[in-house]
Amino acid sequence: MRTRLIIMIIMILPLFVDAQNFNPPKPQMQDPLFNLWGNKRPELPQTPTVKPLYRSRAENAQAKLAIEERKLIKIAKKAWAKEADLKKEKENLKNLENTPETDNNAYHQKKIEKSKKQIAKSQDKLNKLKTEVDSKSKKVENMEKAIEAAKLKKEEDY
């Protein structure tokens with residue numbers, strides 16, 4: 001009885017070993033994009049990112065300040081671009097008004113009115129952007145003051 005059990009275990013053991021080491025064949029990609037790299041997917045460069053486990057309040061405030069400064073710069077660039085566009089539109093309006101066709105051409109008068117409306121819209125957008133830039137710059141200044149105060153407080157604690 002014992003020998004039969006041992007023989008049975010020896011016969012079944014290879015089945016369990018094969019089942020544990022089973023590697024199914026991987027299907028090959030038929031996409032021509034992957035064939036450029038020899039049936040391998042292209043590897044993107046991975047930059048190692050190391051995040052600290054804990055950041056102090058000052059570091060968090062510095063990170064928030066950096067984000068707000070980037071937002072401020074982005075909005076300021078938009079405002080500068082809008083201002084440049086407004087200057088070009090005003091020059092075009094001056095050129096339209098100074099042309100000799102202004103006296104009797106109705107189509108020309110419509111162009112002038114249309115450009116005036118466009119300038120007014122652009123001016124409104126520019127004013128909104130400028131107020132947004134002002135509010136963001138005040139927010140950044142307040143954050144900088146808060147960080148400086150936190151640093152001074154930290155120095156006083158030591």
Side-chain angles (χ1 to χ4, degrees), residues 19-158:
Q20 288 178 354
N21 294 330
F22 180 70
N23 289 327
K26 295 180 181 176
Q28 293 192 358
M29 297 288 182
Q30 299 299 329
D31 192 6
L33 251 181
F34 296 117
N35 289 335
L36 294 175
W37 292 280
N39 290 335
K40 294 180 183 176
R41 292 185 176 200
E43 294 181 15
L44 299 174
Q46 298 280 333
T47 56
T49 57
V50 179
K51 294 184 177 179
L53 296 176
Y54 173 75
R55 289 194 333 191
S56 67
R57 287 184 182 162
E59 289 172 345
N60 285 338
Q62 285 289 104
K64 287 180 183 178
L65 176 65
I67 290 169
E68 288 298 321
E69 285 176 342
R70 278 183 260 153
K71 287 180 183 178
L72 175 64
I73 290 170
K74 185 177 177 182
I75 294 171
K77 284 182 182 179
K78 283 183 184 179
W80 292 330
K82 188 60 88 173
E83 199 169 343
D85 291 341
L86 185 63
K87 285 181 183 178
K88 287 179 185 177
E89 288 176 3
K90 285 183 179 179
E91 282 183 25
N92 288 339
L93 178 64
K94 285 181 183 178
N95 290 338
L96 283 174
E97 288 176 343
N98 291 335
T99 57
E101 297 177 4
T102 59
D103 297 332
N104 53 5
N105 195 349
Y107 177 72
H108 191 68
Q109 293 295 329
K110 287 181 182 178
K111 270 187 175 179
I112 291 174
E113 292 298 320
K114 188 176 181 181
S115 65
K116 285 181 181 179
K117 288 179 183 178
Q118 185 66 32
I119 288 173
K121 287 180 184 178
S122 296
Q123 189 69 39
D124 289 340
K125 289 180 183 178
L126 180 63
N127 291 340
K128 287 180 184 177
L129 284 173
K130 283 186 177 181
T131 56
E132 195 172 344
V133 167
D134 290 339
S135 65
K136 287 282 185 187
S137 62
K138 287 179 184 177
K139 187 175 182 180
V140 167
E141 287 176 13
N142 291 339
M143 290 178 84
E144 287 175 347
K145 289 176 184 177
I147 290 172
E148 289 298 320
K151 285 181 182 178
L152 290 175
K153 183 178 179 184
K154 189 176 182 179
E155 290 174 1
E156 289 174 359
D157 290 342
Y158 289 116

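Computed from a predicted model, the values in this text were never measured in an experiment.
Looking at every heavy atom in both residues, V133 comes nearest to A79 through CG2-CB, 4.5 Å. Residues S122 and K82 share a closest heavy-atom pair of O-CG, 4.2 Å. Minimum interatomic distance between S115 and L93 (heavy atoms only, all atoms of both residues): OG-CD1, 3.0 Å. Minimum heavy-atom separation, T99 to H108: OG1-NE2, 2.9 Å.
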>> Please evaluate residues E97 and K116 with respect to the criterion side chain to side chain contact (heavy atoms under 4.5 Å, CB included), reporting the C-alpha separation (whole Å), side-chain torsions for both, the decisive distance (0.1 Å), and the verdict.
In response: CA-CA 11 Å; E97 288 176 343; K116 285 181 181 179; 3.5 Å; yes
>> Please determine whether side chain to side chain contact (heavy atoms under 4.5 Å, CB included) holds for the pair K130 and E83, giving the CA-CA distance in whole Å, both sets of side-chain angles, and the decisive distance to 0.1 Å.
In response: CA-CA 10 Å; K130 283 186 177 181; E83 199 169 343; 4.2 Å; yes
>> Between M143 and K138, does the side chain to side chain contact (heavy atoms under 4.5 Å, CB included) criterion hold? Intermediate values first, please.
In response: CA-CA 9 Å; M143 290 178 84; K138 287 179 184 177; over 6 Å; no
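In this structure, E132 CD and I75 CD1 are separated by 4.0 Å, a value rounded to the nearest 0.5 Å. Interatomic distance, CD1 of I112 versus CG of N95, reported as 11.0 Å (0.5 Å rounding). To the nearest 0.5 angstrom, K139 atom NZ is 6.5 Å from K71 atom NZ. The line from CD1 of I147 to CG of L65 is 4.5 Å long, rounded to the nearest 0.5 Å. The CG atom of L72 lies 9.5 Å from the CD atom of E141; values are rounded to the nearest 0.5 Å. Note that NZ of K88 and CD1 of I119 are 14.0 Å apart. Values are rounded to the nearest 0.5 Å.
The side-chain contact (heavy atoms from CB on, under 4.5 Å) test applied to Q123 returns L86, K90, L126, N127, not counting sequence neighbours. By the side-chain contact (heavy atoms from CB on, under 4.5 Å) test, K77 is found to be paired with I73, W80, residues two or more places apart in sequence or in another chain being considered.
Between E144 and E68 there is no side-chain heavy-atom pair separated by less than 4.5 Å.
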